[in-house]
Amino acid sequence: MKAGMLDDTKYAKLLSKARPHVIRNDEELEHFTDILLELDRLPKPSAEQMELAELLATLIEDYESAHYRLRRASPIETIEFLMEQRGVSGKDLAEVLGSRGTASDVIHGKRSIGIATAVKLGEFFHVAPELFIEWKAYAAGNSSTVD
């Protein structure tokens, strides 16, 4: 939204009430989240309220991304999750990977997953093959790949 479309007096009044600033702790996060939720509940927010909501959302996202990063799932965790969610059995995975032994070794972490296998898994589960590669192990020249 362009600043010229805002009523400066109304926006200044909103800003003085909310007093937005860089979020430094969880208490401030909760405070600004509460204000944002109030703004989101408004049936027809004004341009000034929408601008404040956008500002608060940005501050909240910045704080959360810096303080609450999600750990990336390992390739095995990803396979287990996808198998469970899609009702895929070890037998189904064996057909994709070529044998029961290979599928078992991959599922139990006895073999790392190489690029060709990651591509097969990606095609089978309809996801990006990158989800199945442990980049640190691969970059170190891990020779126990399935490929």
Side-chain angles (χ1 to χ4, degrees), residues 1-97 103 105-142 144-147:
M1 174 171 295
K2 294 183 181 178
M5 298 175 65
L6 299 177
D7 180 314
D8 289 341
T9 304
K10 289 180 183 177
Y11 190 56
K13 188 174 181 178
L14 279 173
L15 289 174
S16 70
K17 183 179 176 187
R19 299 181 59 157
H21 59 274
V22 173
I23 299 172
R24 294 179 182 86
N25 57 51
D26 287 350
E27 291 79 26
E28 291 178 352
L29 173 67
E30 186 174 337
H31 172 72
F32 289 130
T33 300
D34 289 343
I35 295 172
L36 180 59
L37 291 173
E38 287 177 28
L39 292 168
D40 284 342
R41 286 188 206 109
L42 296 174
K44 292 184 180 181
S46 67
E48 296 78 20
Q49 290 166 327
M50 289 173 35
E51 186 72 15
L52 177 58
E54 185 177 348
L55 173 61
L56 292 174
T58 300
L59 292 170
I60 290 166
E61 287 174 16
D62 286 351
Y63 180 82
E64 288 179 341
S65 69
H67 293 87
Y68 295 105
R69 290 195 179 139
L70 294 177
R71 178 184 66 82
R72 181 177 175 178
S74 72
I76 294 169
E77 291 169 328
T78 301
I79 291 170
E80 290 171 344
F81 174 79
L82 290 170
M83 288 176 69
E84 180 182 325
Q85 293 296 308
R86 298 179 183 185
V88 172
S89 68
K91 182 180 176 183
D92 298 325
L93 204 57
E95 290 178 23
V96 174
L97 300 181
D105 285 350
V106 167
I107 292 169
H108 293 98
K110 295 179 181 175
R111 286 188 180 204
S112 60
I113 300 169
I115 293 174
T117 300
V119 169
K120 289 178 190 176
L121 290 168
E123 289 173 355
F124 178 72
F125 286 113
H126 303 286
V127 297
E130 293 84 6
L131 294 174
F132 305 107
I133 299 203
E134 189 75 49
W135 291 103
K136 289 179 188 174
Y138 193 80
N142 190 336
S144 62
T145 60
V146 175
D147 303 330

Mind checking the [atom1]-[atom2] spacing from [X] to [Y]? Nearest 0.5 Å is all I need.
X: Leu59; Y: Thr33; atom1: CG; atom2: OG1; result: 10.5 Å
X: Thr117; Y: Ile133; atom1: OG1; atom2: CD1; result: 9.0 Å
X: Ser46; Y: Leu14; atom1: OG; atom2: CG; result: 6.0 Å
X: Lys120; Y: Leu93; atom1: NZ; atom2: CG; result: 11.0 Å
X: Ile60; Y: Leu36; atom1: CD1; atom2: CG; result: 4.5 Å
X: Leu52; Y: Lys10; atom1: CG; atom2: NZ; result: 14.5 Å

Which residues pass the salt bridge (Lys or Arg N to Asp or Glu O under 4.0 Å) test with Asp40, not counting sequence neighbours? none
Output all residues satisfying salt bridge (Lys or Arg N to Asp or Glu O under 4.0 Å) with Glu64, sequence neighbours left out; order by chain, then residue number. none
Backbone N or O of [Y] within a donor-acceptor pair of the [X] side chain at under 3.5 Å?
X: Asn25; Y: Glu28; answer: yes
X: Tyr63; Y: Asp26; answer: yes
X: Asp92; Y: Ser89; answer: yes

Residue pairs passing the ring pair (Phe, Tyr, Trp, His ring centres under 6.0 Å) test with at least one member in residues 73-97, sequence neighbours excluded, are none
Exercise: identify the closest heavy-atom pair between His31 and Ala18: NE2-O, 4.1 Å
Any side-chain heavy atom of Phe125 sitting closer than 4.5 Å to one from Thr78? no
